[in-house]
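Predicted model only: the values in this text are computed from it and were never measured. Chain letters run A, B, ... following the sequence lines, proteins first, then strands; residues in each count from 1.
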Number of protein chains: 2
Amino acid sequence: MAGNTSTPGATVAGRIMAILGAFDDHHPRLPLSDIARRADLPLPTAHRLVGELVRHGALARTDDDYVIGRRLWELGLLAPIASTLRETAAPFLHDIHAATRATVHLAVRDGHQVLYLERMAGRDSVPVVSSVGSVLPLHATGVGKVLLAHAPDDVRRGVLSSLPRVTPYTITQPGRLNEQLKQIRRVGYATTVEEMSLGACSVATPVHRHGQVVAAIGVVVPTLRRDRGGVTAALHVAAQGISRQLGALPPA
Amino acid sequence: MAGNTSTPGATVAGRIMAILGAFDDHHPRLPLSDIARRADLPLPTAHRLVGELVRHGALARTDDDYVIGRRLWELGLLAPIASTLRETAAPFLHDIHAATRATVHLAVRDGHQVLYLERMAGRDSVPVVSSVGSVLPLHATGVGKVLLAHAPDDVRRGVLSSLPRVTPYTITQPGRLNEQLKQIRRVGYATTVEEMSLGACSVATPVHRHGQVVAAIGVVVPTLRRDRGGVTAALHVAAQGISRQLGALPPA
DNA sequence: CGGATGCTTCCGCTCAGTGGAAGAATCGGC
DNA sequence: GCCGATTCTTCCACTGAGCGGAAGCATCCG
């Protein structure tokens, strides 16, 4: 930046990212004044930078508002967090979905939370709260428990020190969850029973790469009382297939 | 930008977008010197801006290279080009894929080309050249023909004035293709027979929103000689479902 | 029509940004 | 291990891109 600023030290890059950061799930479309307010920038500054971002395709103009532009979508597709795992896993996930008609997830651990990389659902699948790019608690989701079971000790300790209740069935006692995590490591899969969302149960298994658990895949079903073995087997087969292909890729 | 520049008039925003533009499908990971070269920036400038982009999560550092960061992936998910159509269509597309096991596409017209918004393939689906975010010729793909059939006259004229051959079966005569487009508008679906890719045929139908064709969905199959009616019916049902839900959304 | 709201433009000022040069770090061949 | 090549990191005098309050314009709505 150059002179006459109200925020000395702020950079253009920082301002640009603040403008882009004004957009989120709840605010996918924004008028200029809202962008300026949410990015904490004076209106003419926001106006100038937004105009430039539009010219570069990073933002787009609609009738009344601004939205994230196609260029960012294209660039985002290149992010390894999205591309490698998702591309490798997608065909397997599609197969699981085709076989079970259930919602299928691919997720990674993001600090103390689950980050969903992919989600596939048909119209008759159980409604779930996850969406691609969203995060949920590790301890209350199937994929989250898998990732927690295989997380470093300090991460596990941090998560176990605070287990917020989501539904009346959410596990909030550290000892009880820790026993489950041991079981998960032993039997190779995790389950939840309405711990994240009423009416939704899940089964999940780990995905390995070069001997490390790098992701988890899971399905959401209305109940675990039927066909649990079939779902679990399908997940294992898919996880093994994904793991095999990931292992064949050069180290990251 | 400020003094001492080798490119007077260049802005920081433009340089940032040039840096991000250094990445593409063929170069998803790049060392600093390659980024600088591809973005046409001096090394120290690139180094400084890349460092800042990494701090903001727009780029990420791997062992040896830089990659697009998670923040851009998250932002890209918010782009309407990706979110509204894809989210509405995804469950229907999953259903088609589950029923047919074929590769399923969602695409829009992008000027004189097809832009693929979504693609679902199982491991036993016919190999296709498309990928999410990629563009292909309108005249040689099923979804492309649908979009071309419903495109404005000037667009159609522009496309028909140059029909590059992709395979020996690609239609390169404007008159012949135009007859097909009329047929497509009449019967409500399009087909291709190895016009884009040998061994791959496709069926596609339009998706409407508020009376306008805004997208196309299609499947890729090894041959049209079997079950063409079943695939076409499934596509129509899905397209109607998607169109109905799109029509229920507020005007964009 | 008039007030409220949202936006667009202006331009003197200035500090964030610049990049050649130098130095450091890493790599690979011998 | 040495040395040359390659890649990267740092420095800082210089300067022009960026700034934003104020003014003006556009639109909306009662």
Indicate the ring-plane relationship of A:His94 and B:His94, choosing parallel, tilted or perpendicular according to the 30° and 60° boundaries.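 Rings of A:His94 and B:His94: tilted, 30 to 60°.
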Rounded interatomic separation in angstrom, taking [atom1] from [X] and [atom2] from [N]:
X: A:Ile16; N: D:dC19; atom1: CD1; atom2: C1'; result: 14 Å
X: B:Asp40; N: C:dG19; atom1: CG; atom2: C1'; result: 13 Å
X: B:Asp64; N: D:dT7; atom1: CG; atom2: C1'; result: 12 Å
X: A:Leu49; N: C:dT9; atom1: CG; atom2: C1'; result: 15 Å
X: B:Ile35; N: D:dT7; atom1: CD1; atom2: P; result: 13 Å
X: B:Leu30; N: D:dT7; atom1: CG; atom2: P; result: 13 Å
X: B:Asp65; N: D:dT7; atom1: CG; atom2: P; result: 12 Å
X: A:Leu32; N: D:dT27; atom1: CG; atom2: P; result: 15 Å

Quick one: which of C:dT18, C:dG19, D:dT9 gets closest to the side chain of B:Thr7?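 Output: C:dG19.
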Which nucleotide in the list D:dG21, C:dT18, C:dC7 gets nearest to the side chain of B:Val12?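 Closest of the options to the side chain of B:Val12: C:dT18.
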Would you indicate, yes or no, if [N] has its OP1 or OP2 atom less than 4.0 angstrom from a side-chain nitrogen or oxygen of [X]?
X: A:Ser33; N: C:dC7; result: yes
X: B:His47; N: D:dC8; result: no
X: B:Arg48; N: C:dG19; result: no
X: B:Thr45; N: C:dT18; result: no
X: A:Arg15; N: D:dG20; result: yes

Would you classify B:Pro42 as touching base, sugar-phosphate or nothing, given that sugar-phosphate means primed atoms plus P, OP1 and OP2, and contacts are heavy atoms under 4.0 Å?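 It contacts sugar-phosphate atoms only.
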What contact category does B:Leu43 fall into here, base, sugar-phosphate, or nothing, at under 4.0 angstrom with non-hydrogen atoms?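 If one applies the 4.0 Å heavy-atom cut-off, B:Leu43 turns out to touch a base.
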Any chance the side chains of B:His150 and B:Arg185 put a donor and an acceptor closer than 3.5 Å?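 No, because no side-chain N or O of B:His150 sits under 3.5 Å from a partner of the opposite role on B:Arg185.
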Report yes or no: do B:His27 and B:Arg38 form a side-chain donor-acceptor pair below 3.5 Å?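 Side-chain D/A pair, B:His27 to B:Arg38: present.
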Of B:Leu41 and A:Pro44, whose nearest nucleotide on DNA chain C comes first from the 5' end?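 Residue closer to the 5' terminus by nearest nucleotide: A:Pro44.
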Out of the candidates B:Thr45, B:Asp40, B:Thr5, only one should pair with B:Arg15 under the side chain to side chain donor-acceptor pair (under 3.5 Å) rule; please name it.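 It is B:Thr5, the one option of B:Thr45, B:Asp40, B:Thr5 that forms the side chain to side chain donor-acceptor pair (under 3.5 Å) with B:Arg15.
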With side chains defined as the heavy atoms from C-beta onward, is the minimum distance between A:Val135 and A:Val114 less than 4.5 Å?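 Contact flag for A:Val135/A:Val114 side chains = no.
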